[in-house]
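A short write-up of the structure that comes next.
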Amino acid sequence: MGNFVKALSDRACVVMADSTWMEDAALAQLLSTAQMEGMQRVAGMPDLHPGRGNPVGAAFFSKDIIYPTLVGNDIGCGMALWQTDLLASAVRLDKLDKRVGNIDGPLEDLQLRAQAAEVQGVQPGEHLSALGTIGGGNHFAEFQQVDAIYAAQALSDLGLSPRHLLLLVHSGSRGLGERILRRHVDTFGHRGLTVGTDVAAAYLDEHEAALRFARCNRSLVAQRLLLNVRAQGECVLDVHHNFVASANVGGQDGWLHRKGATPSDQGPVVIPGSRGDYSYLVRSRRLCHDTLLSLAHGAGRKWIRSACKDRLFKLTSPTQMARTALGSRVICNDRQLIYEEAPQAYKGIDSVVQALVGAGLIELLARLKPVLTYKTRGECCE
DNA sequence: ATGTCC
């Protein structure tokens, strides 16, 4: 087990296998976060990669101080998995593509939006128009089919029927979280906030609102897509991977920040690969405090965004990239984004998931294959 | 990442 959890210092470790792509720059960023005031322990997940200052795919456990910049701008970003009633065997990609339509703009059904906002405890505010939209970057909505079953009982316990399509939504709090972080940084810079002060309490209140908003947003994205494709569905799981919460780690009370780190103590989760790779439905096998009760949140970037187009445009066209090696379709009519989110730009999901398996942290429940990935209908790029 | 930068 120790083989897959590598100690970087007395308070930093990273979960990885020999096959896991890992950049020195990401490890250096992780080690530098371990030096922050009040930091007790940091843990890199196998999808760890460099971020803007702080690494992505990591958890940070501090005492008495919280750091909004460690959570980042997309407070509440996470994954929601929905079960649909569409038979995977009946899918016709052209038809599904057509029916999915365009969900880039604000949700048309204001009644649905207001109802969801109320149910999820989202306060009326200026960001309501973003509810039901995916956003940019690595966010997506993806129809998937169950490709391999490793634990049939666990699937049925979750209410999953393997013959039907699943819908995975990766999105967050959109402009709301962005505004919360920006206002914090404008006032306090990158300093942390002392827990117990009014400013810390104010941030935590706003952060809580962003978590509710993000969850509501994922739900509306899913419901919107289901309406468009004339399907019914139910939410199976919804788990944030960018947030901070009080926690007891190794017998010590403190604050656990997650930046692209999925909690291991909130039931089964999906660890998605790139749009051209599998995703895995997994469940935690043990509560590991050394790795800060966290799991990978995806494959993790291998290439920085700015390098992707140069490396790929000679090899492949946007049209070619609308189809993946697994036979799935990609809706991404944004010339830049389609390169930035190319499967080649991401670590192989098996090298990430196998590191977690090797460390004894997870058990695989099912392998999911992409069918259709929605990024943006955008403008036509051909 | 961003009702995003020219």
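Given the structure is predicted, the values throughout are model-derived calculations rather than measurements. A, B, ... follow the sequence lines: proteins, then strands. Residue 1 opens every chain.
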*Could you work out the complete set of other residues in the hydrophobic cluster of A:L110, with links drawn between I, L, V, M, F, W and Y side chains under 4.5 Å apart?*
none
In a table with atom names and distances, give each donor-acceptor pair under 3.5 Å that connects a side chain of residues 22-33 of chain A to protein atoms at least two apart or in another chain.
unit_1 : atom_1 : unit_2 : atom_2 : d
A:Q29  : OE1    : A:G51  : N      : 2.9
A:Q29  : NE2    : A:G51  : O      : 2.9
A:Q29  : NE2    : A:G53  : O      : 3.4
A:S32  : OG     : A:Q29  : O      : 3.4
A:T33  : OG1    : A:L30  : O      : 2.6

_If you take any heavy atom closer than 4.0 Å to DNA chain B, which residues from residues 129-142 of chain A end up in contact?_
A:G135, A:G136, A:G137, A:N138, A:H139
*What pairs of residues pass the ring pair (Phe, Tyr, Trp, His ring centres under 6.0 Å) test when at least one of them lies in residues 272-315 of chain A, not counting sequence neighbours?*
A:H241-A:H297
Show which side-chain atoms of residues 154-166 of chain A pair as donor or acceptor with protein atoms under 3.5 Å away, not counting sequence neighbours.
unit_1 : atom_1 : unit_2 : atom_2 : d
A:S156 : OG     : A:Q153 : O      : 3.1
A:D157 : OD1    : A:Q153 : NE2    : 2.9
A:S161 : OG     : A:Q83  : NE2    : 3.2
A:S161 : OG     : A:H164 : ND1    : 2.7

*Boundaries of the DNA chain B segment in contact with chain A, non-hydrogen, under 4.0 Å*: B:dA1 to B:dG3
*asked:* Through direct or indirect side-chain contacts below 4.5 angstrom among Ile, Leu, Val, Met, Phe, Trp and Tyr, which residues connect to A:L293?
replied: A:L287
*Sidechain N-carboxylate O distance under 4.0 Å for A:E363, A:R283*: yes
*Please list, chain by chain and in numerical order, all residues satisfying ring pair (Phe, Tyr, Trp, His ring centres under 6.0 Å) with A:Y203, sequence neighbours excluded.*
A:H207
*According to the ring pair (Phe, Tyr, Trp, His ring centres under 6.0 Å) rule, which pairs have a member within residues 112-152 of chain A, sequence neighbours left out?*
A:H139-A:H170, A:F140-A:H170
*Just checking A:R174: base, sugar-phosphate only, or nothing, at a heavy-atom cut-off of under 4.0 Å?*
sugar-phosphate
